[in-house]
Q: 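Here it is: the structure, laid out below.
Numbering of ligands and ligand atoms starts at 1, following listing order.
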Amino acid sequence: AGTMFAAGSALAAYPDHPVNMVVPFAAGGPTDNVARSLAEAMRPTLGETIVVENKGGAGGTIGTNQVARAQPDGYQVLLMHAGFSTAPSLYKSPGYDPYTSFAPIGLVVDVPMTIIARSDFPANNIKELAEYVKKNHDKISLANAGIGAASHLCGVMLAEAFGVNLLTIPYKGTAPAMNDLLGKQVDLLCDQTTNTTQQITSGKVKAYAVTSLKRVPTLPDLPTMDESGFKGFEVGIWHGMWVPKGTPQAVQDKLIKALQAGLADPKFQDRMKQLGATVLSSDANPQALDAKVKQQVPQWEKLFSKAGVEKQ
Ligand code: ASP
């Protein structure tokens with residue numbers, strides 16, 4: 001009975017020290033940008049600091065696995081995006097099961113992507129880009145954040161749309177990929193607006209199109225892929241929050257409440273809006289995230305098998 005009492009009071013005290021939010025990509029990138037704003041917005045309700053830990057590599061699977069294997073005590077939470085649901089169709093041993101390794105907390109934001117190039121890349125619009133890439137595909141490099149990352153998924157769809165294979169260069173996140181694009185060491189990148197908006201509006205990179213079906217209000221001059229002749233081309237990068245399976249329900253409930261309060265914070269909403277992201281307030285709950293994962297895993301599986309992408 002003594003231990004039960006101890007466990008009960010430890011639970012009541014959650015959190016009594018800082019919580020780690022694991023971002024499975026490098027600092028300064030799009031997922032990290034969302035995480036850092038969210039960590040701040042959740043703090044008042046959670047009553048503790050949330051420390052962002054960047055654990056990049058292998059398309060986000062390394063950091064995701066770290067949380068899958070962590071103590072289920074609420075002190076390690078995962079902030080990951082759509083790539084969460086792609087690993088099972090891309091890796092022979094992804095290390096986690098998207099259906100059973102985690103307890104979902106809720107959806108966070110939906111973020112469109114942009115197709116961009118180094119500032120001196122020859123093509124000036126999406127039509128020219130398609131032609132140039134078709135002619136020069138063996139000389140072009142596409143940066144991404146590893147197999148299964150959003151930038152990789154977008155690249156697979158781009159290669160399909162253009163009917164070519166592209167040489168890809170993996171990074172631990174798209175922050176370092178962006179650095180190399182700015183330094184003109186790579187040619188192309190497809191990345192979330194949460195990382196690209198500033199570089200696009202300040203003219204430091206060339207931008208060709210957005211991957212949403214509608215134009216992005218903060219980047220009104222960028223056409224959609226769909227309106228540019230690539231009918232149905234759509235990638236929306238939803239982000240979610242998870243804890244390890246087995247985390248006590250009372251701890252999950254505190255995180256759900258803090259997430260919902262964080263998404264309602266006007267400062268968080270403003271920041272996301274500036275970066276072209278949509279805050280998914282009404283889906284910030286376990287049911288919505290669970291449904292999303294169940295819909296997304298088979299959808300990506302179908303896309304990869306159609307594109308002939310093999311597991312590695
Ligand atoms: N946006 C990146 C990707 O998944 C990851 C990141 O650096 O946040 O491609």
Side-chain angles (χ1 to χ4, degrees), residues 21-39 52-67 77-91 94 98 108-117 141-159 166 168-182 186-200 205 207 210-212 216 234-242 271-272 275-278 292-293 296 300 303-304 309:
M21 187 186 283
V22 176
V23 168
F25 297 106
T31 314
D32 184 66
N33 273 341
V34 172
R36 281 171 203 270
S37 297
L38 183 62
V52 173
E53 180 188 348
N54 298 94
K55 187 90 187 183
T61 56
I62 292 174
T64 301
N65 274 306
Q66 175 181 314
V67 180
V77 307
L78 172 71
L79 190 90
M80 179 46 170
H81 59 43
F84 181 90
S85 52
T86 63
S89 12
L90 291 170
Y91 291 91
V108 179
V109 285
D110 208 353
V111 190
M113 301 188 89
T114 50
I115 296 155
I116 61 175
S141 56
L142 173 71
N144 68 30
I147 304 289
S151 44
H152 169 248
L153 310 176
C154 183
V156 168
M157 291 175 67
L158 207 58
L166 287 170
T168 55
I169 305 183
Y171 294 81
K172 285 195 172 171
T174 43
M178 178 65 89
N179 279 344
D180 274 7
L181 195 76
L182 293 170
V186 285
D187 298 318
L188 298 176
L189 173 65
C190 181
D191 198 16
Q192 287 107 295
T193 54
T194 35
N195 191 36
T196 63
T197 300
Q198 226 183 333
Q199 312 294 357
I200 292 171
V205 296
V210 294
T211 66
S212 43
V216 176
E234 186 192 10
V235 209
I237 303 303
W238 55 272
H239 295 56
M241 184 181 286
W242 293 263
R271 171 109 181 107
M272 290 303 109
L275 295 175
T278 303
K292 188 71 170 181
V293 170
Q296 286 274 292
W300 285 111
L303 187 135
F304 294 131
V309 181

Q: Side chain of Thr64, backbone of Thr61: donor and acceptor closer than 3.5 Å?
A: no
Q: Could you tell me whether the side chains of Thr174 and Asp191 share a donor-acceptor contact shorter than 3.5 Å?
A: yes
Q: Okay, side chain of Thr211, backbone of Met113: is any donor-acceptor separation there less than 3.5 Å?
A: yes
Q: Distance alone, cut at 3.5 Å: any donor-acceptor contact between the side chains of Thr114 and Thr196?
A: yes
Q: Between Tyr171 and Met178, is there a donor-acceptor pair closer than 3.5 Å when you use the side chain of the first and the backbone of the second?
A: no
Q: Using a 4.5 Å cut-off on heavy atoms from C-beta on, say whether the side chain of Leu79 contacts that of Phe25.
A: no
Q: List, pair by pair, the atoms of ligand 1 and of the protein that are both N or O and lie under 3.5 Å apart, giving the separation rounded to 0.1 Å.
A:
| from | atom 1 | to | atom 2 | distance (Å) |
| --- | --- | --- | --- | --- |
| ligand 1 | 1 (N) | Thr174 | OG1 | 3.2 |
| ligand 1 | 1 (N) | Asp191 | OD1 | 3.1 |
| ligand 1 | 1 (N) | Gln192 | OE1 | 2.5 |
| ligand 1 | 1 (N) | Gln192 | NE2 | 3.4 |
| ligand 1 | 4 (O) | His81 | NE2 | 2.7 |
| ligand 1 | 4 (O) | Ala150 | N | 2.8 |
| ligand 1 | 7 (O) | Thr174 | N | 2.7 |
| ligand 1 | 7 (O) | Thr174 | OG1 | 3.1 |
| ligand 1 | 8 (O) | Thr31 | N | 3.1 |
| ligand 1 | 8 (O) | Thr31 | OG1 | 2.6 |
| ligand 1 | 9 (O) | Ala150 | N | 3.4 |
| ligand 1 | 9 (O) | Ser151 | N | 2.8 |
| ligand 1 | 9 (O) | Ser151 | OG | 2.4 |

